[in-house]
Amino acid sequence: MSPKHSGRRRFLKEGSAALAGLAVESVRSASGQTLGSEKSEAPFKETRAYGERSRFENSARWPLKPEHITPATNPQVVYAPSMTPLQDLIGIITPSGLHYQVGPILSTPKPDLDPRQHRLLIHGLVDRPLILTMEELKRLPSVSRIHFLECGANSSPAYRNNLEFHNTAQQQHGHTSCSEWTGVPLSLLLQEAGVQKGASWVVSEGAEPARRNKSMPLEKAMDDVIVAYGQNGEAVRPEQGYPVRLVVPGWVGVYNTKWLRRIKLVDQPYMVRDDSVKYTTLLPDGKSRWFRFEHGPKSVITYPSGGHRLPGPGFYEIRGLAWSGGGYVKRVEISFDGGRSWKDAPIQDPVHRFAHSRFRLPWTWNGEEVVIQSRCTDERGESQPTIAEVRKLCGDDPDKWQLSEVGSFNGVQPWRINRDGSVDNAMFS
Ligand SMILES: Nc1nc2c(c(=O)[nH]1)N[C@H]1C(S)=C(S)[C@@H](COP(=O)(O)O)O[C@H]1N2
Ligand SMILES: [Mo]
């Protein structure tokens with residue numbers, strides 16, 4: 001029996017009682033009420049040209065208010081709604097309006113680039129420097145791929161200082177999102193420009209006033225990087241780098257330069273500001289690690305997760321997202337006993353490389369306190385460390401939980417379901 005079907009069959013066996021309960025419940029309440037009226041009470045709004053979600057849907061990026069950020073959580077963060085509500089996502093695509101955001105938009109107005117004026121310059125160690133208009137870029141052969149983005153600071157254990165505001169999947173892990181990106185392979189543009197022999201690194205630069213930039217090795221640039229103008233079937237959103245950005249699959253967010261205006265081929269890492277002053281890891285011996293590349297394997301149960309409240313014992317479908325900078329997610333396991341035993345959770349087909357992948361497992365809650373957690377293994381065979389393993393490696397002080405030679409913190413996320421059905425972040429307790 002394939003894992004895909006075992007879930008459904010198991011539900012039919014274990015869950016029929018629960019569902020029967022639901023059916024009786026709904027018949028009973030329907031008998032006392034009229035069916036929903038088809039007359040709309042909403043004020044009229046013209047949405048025939050471009051639609052919007054139902055007024056009853058209100059999932060939003062977080063933090064919503066400045067008081068959700070305290071110096072204890074992160075003194076660097078300037079207030080702006082930023083993190084994706086992972087617990088509200090359905091499937092594997094993050095709606096563009098809920099994609100997490102990092103950059104100048106958090107403190108200043110977002111760049112407002114006119115695609116007719118915008119140019120992309122490719123120069124440095126190339127035979128034929130190029131200046132491309134957006135129109136020229138869009139005439140070139142293109143690809144569409146589903147990829148996650150994730151900030152290197154995502155899931156930082158330092159967030160524990162304010163658990164009141166770091167109890168949910170969004171608050172603990174919301175600096176990751178997943179879109180279908182469309183654009184031109186960077187390798188094609190570089191071949192067009194003619195890479196010279198001595199070139200080994202690529203510097204990319206954004207068009208915001210600060211001209212944020214970042215270098216990456218030429219090898220990655222020639223592999224699978226996309227110069228993307230499309231996101232989820234339409235133009236890249238202004239917050240995500242309109243009219244064009246880099247998408248660097250599997251690598252830490254900072255490489256994915258938004259509002260892309262310049263690509264320069266050079267013969268060494270350029271030690272631009274974001275290579276050197278920022279985005280470095282201080283090691284115990286006082287030296288800094290300057291370059292971090294791909295994320296490790298990672299997963300989060302999104303239902304039930306911190307902040308949810310289960311109405312009572314009975315059937316639930318455990319749902320979550322798994323992804324890895326190592327490529328495909330190969331396996332997701334779930335533990336219901338504090339990590340002593342693990343059960344495979346089927347992963348939804350098709351699984352995309354460097355993309356959020358959806359796992360689901362039917363489960364019956366007996367009403368007792370329980371800790372649930374998921375563990376991802378990727379195509380390299382790498383697995384997430386459990387918090388017990390993290391403690392063994394890094395000690396008991398979460399400030400020192402620097403797993404990240406590369407990528408963001410990827411320790412296993414435990415959620416505690418309390419007897420009253422409330423769910424809490426159990427990463428630190
Ligand atoms: N031009 C520009 N590109 C940028 C940044 C920026 O500040 N300016 N931030 C980087 C960082 S740190 C991250 S995590 C990702 C976030 O992409 P997103 O805002 O589309 O989620 O963009 C990267 N690209
Ligand atoms: Mo980032």
Side-chain angles (χ1 to χ4, degrees), residues 61-62 74 76-78 80-86 89 93-113 118 120-121 147-156 158-159 170 173-181 183 202-216 225-232 234-264 272-281 291-295 298 323 325 354 356 404 406-409:
R61 285 186 282 232
W62 186 89
N74 191 345
Q76 307 294 326
V77 176
V78 183
S82 165
M83 304 173 92
T84 292
L86 297 174
L89 300 187
I93 298 293
T94 307
S96 302
L98 294 176
H99 197 288
Y100 86 93
Q101 5 180 3
V102 170
I105 41 172
L106 300 187
S107 47
T108 56
K110 56 190 171 259
D112 179 35
L113 301 177
H118 190 69
L120 173 59
L121 167 65
H147 289 314
F148 76 84
L149 290 185
E150 183 178 12
C151 183
N154 195 28
S155 315
S156 168
Y159 279 156
Q170 174 172 32
H173 304 289
H175 278 135
T176 182
S177 308
C178 184
S179 295
E180 184 200 65
W181 300 102
V202 173
V203 187
S204 59
E205 181 183 80
E208 73 259 48
R211 300 256 188 275
R212 203 210 52 99
N213 49 14
K214 183 73 191 157
S215 4
M216 78 174 126
V225 175
I226 305 172
V227 177
Y229 49 78
Q231 178 185 6
N232 297 335
E234 60 184 355
V236 167
R237 287 284 165 104
E239 296 89 336
Q240 263 63 63
Y242 182 87
V244 62
R245 78 173 302 163
L246 284 186
V247 172
V248 182
W251 282 31
V252 180
V254 66
Y255 291 93
N256 298 256
T257 299
K258 306 192 278 189
W259 313 291
L260 180 68
R261 74 189 284 271
R262 192 156 74 97
I263 286 174
K264 186 173 185 185
V272 295
R273 193 192 54 203
D274 283 354
D275 293 336
S276 51
V277 181
K278 296 165 94 191
Y279 297 99
T280 58
T281 308
F291 291 96
R292 304 189 301 170
F293 298 133
E294 75 270 14
H295 289 284
K298 194 155 167 179
W323 63 98
F354 309 116
H356 284 178
S404 43
V406 294
S408 67
F409 179 79

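Note that ligands are numbered from 1 as they come in the structure, with each ligand's atoms numbered from 1 the same way. Excluded from the calculations below are hydrogen atoms, water molecules and symmetry mates; all remaining heavy atoms, backbone and side chain alike, are included.
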Ligand-residue contact atoms, ligand 1 with [X], heavy atoms, under 4.0 Å:
X      : result
Asn256 : 22 (O), 23 (C), 24 (N)
Gly206 : 1 (N)
Gln240 : 18 (P), 19 (O), 20 (O), 21 (O)
Pro104 : 7 (O)
Trp259 : 1 (N), 2 (C), 8 (N)
Cys151 : 14 (S)
Thr257 : 3 (N), 24 (N)
Gly103 : 7 (O)

Q | Axial cation check for Trp259 ring with Arg212, 6.0 Å and 45° limits | A | no
Q: List in chain and number order the residues that pass salt bridge (Lys or Arg N to Asp or Glu O under 4.0 Å) with Lys264, two or more places apart in sequence or in another chain; answer none if no residue qualifies.
A: none
Q. Out of Glu239, Arg245, Gln101, whose heavy atom sits nearest atom 20 (O) of ligand 1?
A. Arg245
Q) Does the gap between the ring centers of His147 and Trp181 come in under 6.0 Å? A) no
**Q.** With sequence neighbours excluded, residues passing ring pair (Phe, Tyr, Trp, His ring centres under 6.0 Å) with His118
**A.** none
Q.
Do Thr176 and His356 pair up side chain to side chain, a donor and an acceptor below 3.5 Å, judged on atom types alone?
A. yes
Q | Donor + acceptor pair across side chains of Lys214, Thr257 (<3.5 Å) | A | no
(Q) As an exercise, state the distance from CD of Gln101 to SG of Cys151, rounded to the nearest 0.5 Å. (A) 12.5 Å
Q: Take Lys258 and Glu208 through the test salt bridge (Lys or Arg N to Asp or Glu O under 4.0 Å) and record every step on the way to the result.
A: CA-CA 9 Å; Lys258 306 192 278 189; Glu208 73 259 48; over 6 Å; no
(Q) What I want to know is whether Val102 and ligand 1 share at least one N or O pair that is separated by under 3.5 angstrom. (A) yes
Q) Quick one: does ligand 1 sit under 4.0 Å from the side chain of His175, the backbone, both or neither, non-hydrogen atoms only? A) neither
Q) So is Glu150 in contact with ligand 1, going by heavy-atom distances below 4.0 Å? A) no
